[in-house]
Number of protein chains: 2
Amino acid sequence: MKRSIVDIPSCSECDVEGNGILCALSHESKDFLSERKGDNFYKKGQTIFYEGNHANGLFCIYDGKVKLSKLGDDGKEQIVRFAKTSDILGYRSLLSDEPYHATATAMEDCHVCLLSKDKFMQLMEKDPKLSLSVVQLLSKDLRGAEQLLIDIAQKSVKERISEALLLLKNTFGYLEDGKTIGASMTRSEIADIAGTTTETTIRTLAQLSKDGLIELKGKKIVIKDFPRLVSEASIYD
Amino acid sequence: MKRSIVDIPSCSECDVEGNGILCALSHESKDFLSERKGDNFYKKGQTIFYEGNHANGLFCIYDGKVKLSKLGDDGKEQIVRFAKTSDILGYRSLLSDEPYHATATAMEDCHVCLLSKDKFMQLMEKDPKLSLSVVQLLSKDLRGAEQLLIDIAQKSVKERISEALLLLKNTFGYLEDGKTIGASMTRSEIADIAGTTTETTIRTLAQLSKDGLIELKGKKIVIKDFPRLVSEASIYD
DNA sequence: TTGATAGTGTGATGTGAATCATAGTTCATT
DNA sequence: AATGAACTATGATTCACATCACACTATCAA
């Protein structure tokens, strides 16, 4: 396993493009937070933390894509959220002093900073800007979870898979060509977003491809007809 | 429509049994918050606020039970959460300055206090105890939503309905007899929790009743065999 | 008290998607 | 370049649950 060499700066010098909640902090707050900051490299597929384990730090993604998933009682995986550059992970568990709610897995090679729990908690008290951001972030995540809940409860597999593709596009954007979804996922992972099986996902993607809404280039998925994909997903808001 | 007469005190004198996040505030904070407090009466079935509408105050339930639901694209209702005495409603929308995420409906006659948005927001900045409580509340709600998501995505209807009954019991407790679920819901509402249809809910409840796990007395549901109901719901945590 | 409305209950029928089975293909690692 | 593992693909079969259709019952307002 080759570790790619990247120089990760302190938060106050962090130059990533992204609008995570730490980015908007004052210079002083960033300096305070990044004292004794650690950083880790995770290879694609590696687990950053496991659902149920004790939380002891705050993760901030410097580079890479991460999926957050939970295991159902029968062991089937359900993806609940994604995270990318400048997003933070594990803050919920820190704040409520609970074990991690989900498992975080690197979808591609990742560099992740590890920030001190104590510093973060102190900053939460000192910097009202941060605590408000955290509240709004939680609120946004909750909204997303509730939306996903309704979708899975009420929509057909075809609608859910269309929506999963749109979710991927919204989260990770397009590649340089402006039409290929900027994240590669296996059919099985897409199934774990949409709450269906791998076989059904394969068939449904093939159908969407035959209908000309998307194009499948191996793991790369090209959105050929965005408006029709949106209407296929029955998104009206 | 007869309005039941209840004398609702200011927050600092509020004597409801319950452990909502406002209950733990200091006397001063409560006094501050309840200045120019309003209160409303909602008859069973009435809507307290609608999903999508602008938020302009914080609701705190003095008395009664409330369901929070969202509408799917096809108009089908999905219940996402419940609230009862001392719980607060609408805080998310205040904090992120967004429209209400869900519709709140009185499940029985309710008295609800209406607190000032400005006071609440000011208190959020002044009282770290409150902001931490809010964060933890959001975190708990998010956890609940994610759990419900997995359940609906992966469990059978029978498991989901069993779990819906347990959710009702956990939220509202038992009546005086110690075994009847302390909230009355129509079969259709139970279906809206479990993400299924009314007919299937009726059949499944009849099945659970025949198996001796529950007893149906009209809208009242008696839990006769709690352990087996838990195992039917496949809850292992 | 009555009529209307909302809720409960049951059978018959259809179907979307899971499951099972099997094979080809791509990918990573030595 | 080779070998095993992970992923993609496709057909056949099954089944849980939705849908439709109808009847009965409780509730509530006039």
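None of the values given here were measured: they were computed from a predicted structure.
- Residue contacts for B:S156: at a heavy-atom cut-off of 4.0 Å it reaches the sugar-phosphate backbone alone, with no base atom in range.
- Taking every heavy atom of both residues into account, B:S139 and A:H101 meet most closely at OG-NE2, 4.1 Å.
- Contact between the side-chain N/O atoms of A:R187 and the OP1/OP2 oxygens of D:dC7 is not found at any separation under 4.0 Å.
- Boundaries of the chain B contact region on DNA chain C are C:dG7 to C:dA12, first to last in 5' to 3' order (nucleotide atom under 4.0 Å from a heavy atom).
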With ring-ring contact (aromatic ring centres under 6.0 Å, His included) as the test, would you mind laying out the steps for B:F59 and B:F49 before giving the verdict?
CA-CA 10 Å; B:F59 297 90; B:F49 55 78; 5.3 Å; yes

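- Scored by the salt bridge (charged side-chain N to carboxylate O under 4.0 Å, His left out) test, B:D87 finds no partners at all (sequence neighbours excluded).
- Under the 30°/60° scheme for interplanar angles, the aromatic rings of A:F41 and A:H111 are found to be tilted.
- Following rounding to the nearest Å, A:I161 (CD1) and D:dT8 (P) show an atom-to-atom distance of 13 Å.
- Classification of B:E232 and B:R160 as a salt-bridged pair fails, no side-chain N sitting under 4.0 Å from a carboxylate O.
- The distance between atom CD of A:Q207 and atom C1' of D:dA9, rounded to the nearest whole Å, is 15 Å.
- Between the B:E189 side chain and the B:T186 main chain, a donor and an acceptor come within less than 3.5 Å of each other.
- Under the side-chain hydrogen bond (donor to acceptor under 3.5 Å, both in side chains) test applied with B:D192, the options B:K67, B:Q78, B:K76 reduce to a single match, B:K76.
- At whole-Å resolution of the value, CG in A:L216 and P in D:dT8 are 10 Å apart.
- Rounded to whole Å, the distance from CD on B:Q154 to C1' on D:dA16 is 17 Å.
- Rounded to whole Å, atom C1' of D:dA16 lies 12 Å from atom CD of B:E159.
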Given A:E98 and B:R143, is the salt bridge (charged side-chain N to carboxylate O under 4.0 Å, His left out) satisfied, shown in steps?
CA-CA 11 Å; A:E98 291 172 340; B:R143 186 186 199 122; 2.9 Å; yes

Footprint string (nucleotides 18-30 of chain D, 5' to 3'): B base within contact, S backbone only, - free, heavy atoms under 4.0 Å
SBB----------

